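Right, one structure below, let's go through it.
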Amino acid sequence: EKQIILAMLENMSVKADNESKKRFHHTDLYASIPPTCLPIVYHPDYNITFMGLEKLHPFDSGKWGKVIHLLKEEQFITDGNIVEAREATEEDLLVVHTKSYINRLKWSFVVATITEIPPLLFLPNPLVQRKVLRPLRTQTGGTIM
């Protein structure tokens with residue numbers, strides 16, 4: 001009985017160690033922030049715009065740019081105060097997503113379903129990657145930063 005419990009604990013320890021190895025990886029998302037910057041992370045790529053298709057979704061996919069524009073207009077910030085977000089890599093995404101899920105994003109139909117923008121299914125996936133998924137990966141990178 002004691003050996004069974006020890007074996008179970010050993011197995012749990014190995015699983016936990018393997019899980020922590022999956023979660024902790026090298027990433028370039030953390031950057032040294034110059035003292036001139038405020039804790040505002042942004043990148044123009046956050047804003048999803050593509051032939052008006054972004055208007056088919058109720059979520060304003062350009063709101064970040066509008067907020068930054070307003071802050072600049074009111075002279076609360078300048079370009080020198082903003083920390084520029086970096087795009088999350090596939091390795092970064094694999095911390096929370098399966099390889100299978102990430103591979104499925106190479107199909108425009110899947111992206112159209114996830115984003116709830118049906119016309120995306122008619123577009124070539126390289127275009128969907130560049131105009132939809134890259135901005136989402138950059139938003140993810142900014143969130144992690």
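No experiment lies behind these values; they were computed from the predicted model shown.
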Between R86 and Y30 the two heavy atoms that sit nearest each other are NH1-O, 4.1 Å

Quick one: OG1 on T115 to CG on L120, what's the gap to the nearest 0.5 Å? 4.5 Å

Distance from I48 atom CD1 to R134 atom CZ, nearest 0.5 Å? 12.0 Å

Between P119 and I117, is there a side-chain heavy-atom distance shorter than 4.5 Å? yes

Rounded to the nearest 0.5 Å, what separation is found between the CG atom of N125 and the OG atom of S108? 4.0 Å

Stepwise, does the side chain to side chain contact (heavy atoms under 4.5 Å, CB included) test hold for K66 with L70? CA-CA 6 Å; K66 292 173 186 171; L70 177 68; over 6 Å; no

For a quick test of reading the model, state the closest non-hydrogen atom pair linking L38 to F76 and the distance between them. CD1-O, 4.2 Å

For H43 and A85, work out which heavy atoms get closest and say how close. CD2-O, 3.4 Å

Going by salt bridge (charged side-chain N to carboxylate O under 4.0 Å, His left out), name the pairs with one or both residues in residues 135-145, residues two or more places apart or in two chains. E87-R137

Which pairs count as ring pair (Phe, Tyr, Trp, His ring centres under 6.0 Å) when at least one residue sits in residues 100-142, sequence neighbours excluded? H97-Y101

Roughly how far apart are Q75 CD and T78 OG1, rounded to 0.5 Å? 10.0 Å

So which heavy atom on M145 is nearest to which on V41, and how close? SD-CG1, 4.2 Å

Find out whether T140 and D92 are in side-chain contact, i.e. whether some heavy atom of one side chain is under 4.5 Å from a heavy atom of the other. no

Answer whether the closest heavy-atom distance between the side chains of L105 and L133 falls below 4.5 Å. yes

Drop me the distance from I82's CD1 to L71's CG, to the nearest 0.5 angstrom. 8.0 Å

Flag side-chain contact, heavy atom, 4.5 Å: Y46 against K63: no

Exercise: identify the closest heavy-atom pair between I33 and C37: CG2-CB, 3.6 Å

Do any N or O atoms from the side chain of D45 and from the backbone of P135 form a donor-acceptor pair under 3.5 angstrom? no

Polar side chain donor-acceptor pair, D79 to Y42, under 3.5 angstrom: no

Would one find more than 12 heavy atoms of other residues, nucleotides or ligands at under 6.0 Å from atom CD of E73? yes

Any chance you could measure I40, atom CD1, to I68, atom CD1, to the nearest 0.5 Å? 6.0 Å

